[in-house]
Amino acid sequence: QVQKRFGEEATGSYIVSMTEGVSDILEPLLLAKQSGLTAIDAVPLFETVQDLQNGPAVLDRLFNIPCYRDHVEKRGLQEVMIGYSDSNKDAGFLSANWALYQAQEEIAKVCKKHNIPLRIFHGRGTSIGRGGGPAGKAILAQPAGSVGGRMRITEQGEALSERYGDVDLAHRHLEQVTHAFILSSAKEASEAAKIPTSYREAMDAAGEKGKNFYRSLLEAENFLDFYHTVTPIEEISRLKIGSRPARRKGERSLDNLRAIPWVFSWTQCRANLPGWFSLGTGFEDTDVELLKEMYQEWAFFKALIDFAQMSLAKADMGVLASYFALVTDEIKEEFWPVIFDEYQKSVAMIESITGKALLADDTTLARGITLRNPYVDPISYLQVELLQRLRSLSSDENTIDEAKEDEERKELESAVLISLIGVAAGMRNTG
């Protein structure tokens, strides 16, 4: 009825989350056909690293199905969405970024092979752990041949006021994005062959090592208890401040936790872990001279390192240490050395690659962090105290006055919410 009344333009892309195979795309198209909805695109969303790696083969099989190919040719292009959030949560910062880059290259090759125009839809957030960072730099870092005059990018709600709330800033931002888009579109697919094999081999090895190190953290026996204690994820899950529940259905696990609260919670405790963890260990066996060359010559690698140093500069191990007061001594002894050592190793690695201190080339951001932290730090310390009080109240089973306890809990939950907003505002890009 919507199409009949308003025309085919009233309906467009139908995003198929967690696309794993051909049937995931054909099923919604069949349902649409049966309901009389003819003008619709089923857009695969490849989110995990495994799905990103399998994505090109899924598209190749789809294009070899005559009815699907006819559908795509009628619509004029194939849109593919790639997920930055779940891939990062799945494999860590280093491995996920490399998997995203390779997936775009291979998807572009498949579409070119079948002579089908491609538009990649980038599901980015504002935080580095969810694909954020300066949009112009991110676009310039895309693989040659993957843009081709077409691109779609998500804009998070918290970014709207920052980027578009002021007319002059909006104009400047759009100019930067347009400039980067034009330059990236001009890159021919053949330019991908100019990337030295040594660069790719270095990323393959570092990505695999980084992923294994990252997974060893997440798969540690006590990690789930550690994560739910050192971050305010439980409190975030209970607050009605998101566009959807923090978890998918099922028992408490990392698998059903959505990527947005995952990143948000690590930002709150000032670790910023999704935006850098695994980088130091991933590159520790790589020739530093080669990494320096990659930083100078390869836009993708330069963006990777620059975005990581933004996350590291905003992280604060001193403030994070205060959140470890929320965990037992046993858990602290297990996880603090891992995170702190990797932080130091990652900072040292970036400074070796760039030859400079963190953010030496971005004095505006460095100054902003220096000016904001004296205001954000007290909020973080207050948040730790509030979490301690709220959790001790929740664990007390011998309360006599339940009405008084309920009132106190409401007041504490309200105060925690205010602290969450305060830290988020101070850290700027959180979701």
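The basis for the numbers below is simple: all heavy atoms, side chains too, and nothing from hydrogens, waters or symmetry mates.
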Taking side chain to side chain contact (heavy atoms under 4.5 Å, CB included) as the definition, give me every residue that meets it alongside [X], ordered by chain and number, with sequence neighbours left out.
{"X": "Ser216", "answer": "Phe213"}
{"X": "Phe340", "answer": "Met317, Trp336, Gln344"}
{"X": "Pro378", "answer": "none"}
{"X": "Ser380", "answer": "Arg270, Val319, Tyr323, Val376, Val423"}

Decide yes or no on ring pair (Phe, Tyr, Trp, His ring centres under 6.0 Å) for Trp276 and Phe93, but give the supporting numbers first.
CA-CA 6 Å; Trp276 58 267; Phe93 174 79; 9.3 Å; no
What is the minimum heavy-atom distance between [X] and [Y], and which atoms define it?
{"X": "Asp168", "Y": "Asp166", "value": "N-OD2, 3.0 Å"}
{"X": "Leu279", "Y": "Ala308", "value": "CD1-CB, 3.7 Å"}
{"X": "His122", "Y": "Tyr84", "value": "ND1-OH, 2.7 Å"}
{"X": "Ala42", "Y": "Gln78", "value": "O-NE2, 4.3 Å"}

Determine yes or no for a side-chain-to-main-chain donor-acceptor pair under 3.5 angstrom, with [X] supplying the side chain and [Y] the backbone.
{"X": "His228", "Y": "Leu224", "answer": "yes"}
{"X": "Gln142", "Y": "Ala138", "answer": "yes"}
{"X": "Ser265", "Y": "Thr231", "answer": "no"}

By side chain to side chain donor-acceptor pair (under 3.5 Å) - contacts of Glu73 (at least two apart):
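So Glu73 forms a side chain to side chain donor-acceptor pair (under 3.5 Å) with Arg69.
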Sequence neighbours left out, what passes side chain to side chain donor-acceptor pair (under 3.5 Å) with Lys113? Give chain and number order.
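Applying side chain to side chain donor-acceptor pair (under 3.5 Å) to Lys113 gives Asp60.
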Should the pair [X]-[Y] be classified as a salt bridge under the 4.0 Å nitrogen-to-oxygen rule?
{"X": "Lys302", "Y": "Asp306", "answer": "yes"}
{"X": "Arg389", "Y": "Glu385", "answer": "yes"}
{"X": "Lys410", "Y": "Glu413", "answer": "no"}

I need the full list of side-chain hydrogen bond (donor to acceptor under 3.5 Å, both in side chains) pairs touching residues 174-183, with sequence neighbours left out, sorted by first then second residue.
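For residues 174-183, and leaving out neighbouring residues, there are no side-chain hydrogen bond (donor to acceptor under 3.5 Å, both in side chains) pairs at all.
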Would you say the side chains of Glu342 and Thr281 form a donor-acceptor pair under 3.5 Å?
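Their side chains do contain a donor-acceptor pair, which is all the 3.5 Å distance test asks for.
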Regarding Ser85 and Glu47, is there a side-chain donor-to-acceptor distance under 3.5 Å anywhere?
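Judged by distance alone, the side chains do not pair up.
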Which label fits [X] and [Y]: parallel for a plane angle under 30°, tilted from 30 to 60°, or perpendicular past 60°?
{"X": "Tyr101", "Y": "Phe300", "result": "tilted"}
{"X": "Trp262", "Y": "Tyr227", "result": "tilted"}
{"X": "Phe226", "Y": "Phe324", "result": "tilted"}

Run the numbers on Phe223 and Leu254 for side chain to side chain contact (heavy atoms under 4.5 Å, CB included), then give the verdict.
CA-CA 10 Å; Phe223 179 79; Leu254 292 180; 3.6 Å; yes
Contacts of type salt bridge (Lys or Arg N to Asp or Glu O under 4.0 Å), residue [X], not counting sequence neighbours:
{"X": "Glu79", "answer": "Arg119, Arg152"}
{"X": "Asp361", "answer": "Lys356"}
{"X": "Arg172", "answer": "none"}
{"X": "Glu221", "answer": "none"}

Does Glu297 form a side-chain hydrogen bond (donor to acceptor under 3.5 Å, both in side chains) with Tyr199? I'd like the steps, not just the answer.
CA-CA 10 Å; Glu297 302 296 333; Tyr199 292 8; 5.7 Å; no
If you measure from OG on Ser352 to NZ on Lys292, what distance do you get to the nearest 0.5 Å?
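With rounding to 0.5 Å, OG (Ser352) is 7.0 Å from NZ (Lys292).
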Output the distance between atom CD1 (Ile195) and atom CE (Met294), rounded to the nearest 0.5 Å.
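Those atoms lie 9.5 Å apart.
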Can you find a pair of side-chain heavy atoms, one from His71 and one from Asp41, that are under 4.5 Å apart?
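Yes - at least one pair of side-chain heavy atoms lies under 4.5 Å apart.
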Are Tyr295 and Phe283 close enough that their ring centres sit under 6.0 Å apart?
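Ring-ring flag for Tyr295/Phe283: false, centres at least 6.0 Å apart.
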For residues 21-28, dump all side-chain donor-acceptor pairs below 3.5 Å to protein atoms at least two apart in sequence or in another chain.
from, atom 1, to, atom 2, distance (Å)
Asp24, OD2, Glu20, N, 2.8
Asp24, OD2, Gly21, N, 3.1

Checking Arg391 against Glu235 for the salt bridge (Lys or Arg N to Asp or Glu O under 4.0 Å) test, could you report, in this order, the C-alpha distance in whole Å, the side-chain angles of both residues, the deciding distance, and whether it holds?
CA-CA 10 Å; Arg391 291 173 182 178; Glu235 290 72 22; 3.1 Å; yes
Between Leu359 and Asp362, is the side chain to side chain contact (heavy atoms under 4.5 Å, CB included) condition met? List the steps.
CA-CA 5 Å; Leu359 297 185; Asp362 193 344; 4.3 Å; yes
